[in-house]
Amino acid sequence: MSLIAQVIAQSDEADRFLSSTELTKLQDFFNKGQLRITVAQKLAANEQKIVDEGSKNFWSKCPKTPSNSGKPEKTALCQRDQGWYIRLVSYCVLAGNDKPLEDIGLDGMRDMYVSLGVPLANLRIAMGSLKDVAAGMMTGEEMALAAPYFDRLIRSF
Amino acid sequence: MQDTITSVINPADEKGTYLDSSALDALQKYYQSGSLRVKAATAISSGADGIISETVAKSLLYGEITLPGGNMYPTRRYASCLRDLSYFLRYATYAMLAADASILDERVLNGLKETYTTLGVPIDRVIESINAMKEVVTQRVGTEAGQEMGVYLDRIVSGLQ
């Protein structure tokens, strides 16, 4: 569900047209449309680089972790998940809210990682590292569109 | 409900991919049309009562439907008709903002034709009033936005046929 659908659902619930505040919110969302697409394209083009550099930073802060345990298949799986989270952040930038991240990647996430034996505290540091690398590749204006979703992700672990 | 944005994100996620260039093009077009949509929704929501009054005046008011024996008589049924027209206007506006008709199917059209048939509401007159609403809305929001609203009001018409 995008920001548009979310605002419509709220209005529908209350049996009314969209309020002027909500309409202004949508206008602001649409005004940044071109920038949203640029950010999504940058995340897509640089996913590998963000994951690679993010892992290096992460391991320097947190060396004792499954992805750094010397088992290549474990490292690959962890990095694959990190790439997926970058993809979900790109969806959120385009949708204007954190629903794609919540619905696809956060609902049930804790249970999954606990079951896999991946420490959530480590993941929090790993996601922070992804955000730092991504921030270094974007302008301040671009990152302002992506940062809230990286933050939402970091807070979830 | 579906909307334009999630209707391109969901299939990409099923494949585990970023949005491809045709999906991004579709989103770009939608974003660019956003201003038109928001302006139209603003005009429609602030003028909704007037739009409904004009719609009724244009299509229903001066006919037998408002006389004893007609489906807009007595006042209780007149008010029900106003309420339904305002639903059509509001949900068509939602769909126009989302650029997606699914909310009409889910929230308006599901069972509507059957309900009208049971209540003896003349569906041809309902359709006539929706067509009048298209004209009234277009006068207020301009041709381009009026056409966009027309897509969703037409969807209600075709759902009643």
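Residue numbering restarts at 1 for every chain, and letters A, B, ... go by the order of the sequence lines.
Scanning residues 1-25 of chain A against chain B with a 4.5 Å non-hydrogen threshold yields A:Met1, A:Ser2, A:Ile4, A:Ala5, A:Ile8, A:Ser11, A:Asp12, A:Asp15, A:Arg16, A:Phe17, A:Leu18, A:Leu23, sorted by number. The stretch residues 100-126 of chain B places B:Ile103, B:Arg107 near chain A, each with some heavy atom under 4.5 Å from a heavy atom of that chain. Heavy-atom proximity under 4.5 angstrom to chain A picks out B:Ile44, B:Ser45, B:Ala48 from residues 44-81 of chain B.
No side-chain heavy atom of A:Glu102 sits under 4.5 Å from any side-chain heavy atom of A:Asp107.
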Open item on the list: Set out, in order, the CA-CA distance, both residues' side-chain angles and the distance that settles side-chain contact (heavy atoms from CB on, under 4.5 Å) for A:Met109 and A:Phe157, then state yes or no.
Closed with: CA-CA 9 Å; A:Met109 172 278 289; A:Phe157 288 98; 3.2 Å; yes

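No more than 12 heavy-atom neighbours from other residues, nucleotides or ligands sit within 6.0 angstrom of NZ on A:Lys71.
With salt bridges taken as basic N to acidic carboxylate O contacts below 4.0 Å, none links A:Arg87 and A:Glu47.
Contacts of B:Thr42 with chain A are made by both backbone and side-chain atoms, with heavy-atom separations under 4.5 Å. Using a 4.5 Å cut-off between heavy atoms, A:Leu94 touches chain B through backbone and side chain atoms alike.
Among B:Asp13, B:Leu24, B:Leu97, the residue making the largest number of heavy-atom pairs under 4.5 Å with chain A is B:Asp13. Heavy-atom pairs under 4.5 Å with chain A peak, among B:Gly16, B:Ala41, B:Ala98, at B:Gly16.
Considering all non-hydrogen atoms of both residues, B:Ala12 and A:Tyr91 come closest at C-OH, 3.4 Å. Shown here for B:Ala92 and B:Leu153, the closest heavy-atom pair between the two residues is CB-CD2, 3.7 Å.
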Compile the donor-acceptor pairs under 3.5 Å between side chains in residues 30-37 of chain A and protein atoms, sequence neighbours left out, one pair per line.
| unit_1 | atom_1 | unit_2 | atom_2 | d |
| --- | --- | --- | --- | --- |
| A:Asn31 | OD1 | A:Gln27 | NE2 | 2.9 |
| A:Asn31 | ND2 | A:Gln27 | O | 3.4 |
| A:Gln34 | OE1 | B:Gln28 | NE2 | 2.1 |
| A:Arg36 | NE | A:Phe29 | O | 3.3 |
| A:Arg36 | NH1 | A:Val93 | O | 2.9 |

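Between the side chains of A:Trp59 and A:Ser67, at least one donor-acceptor pair of N or O atoms lies under 3.5 Å. With 3.5 Å as the limit, one finds no donor-acceptor pair spanning the side chains of B:Tyr87 and B:Arg83.
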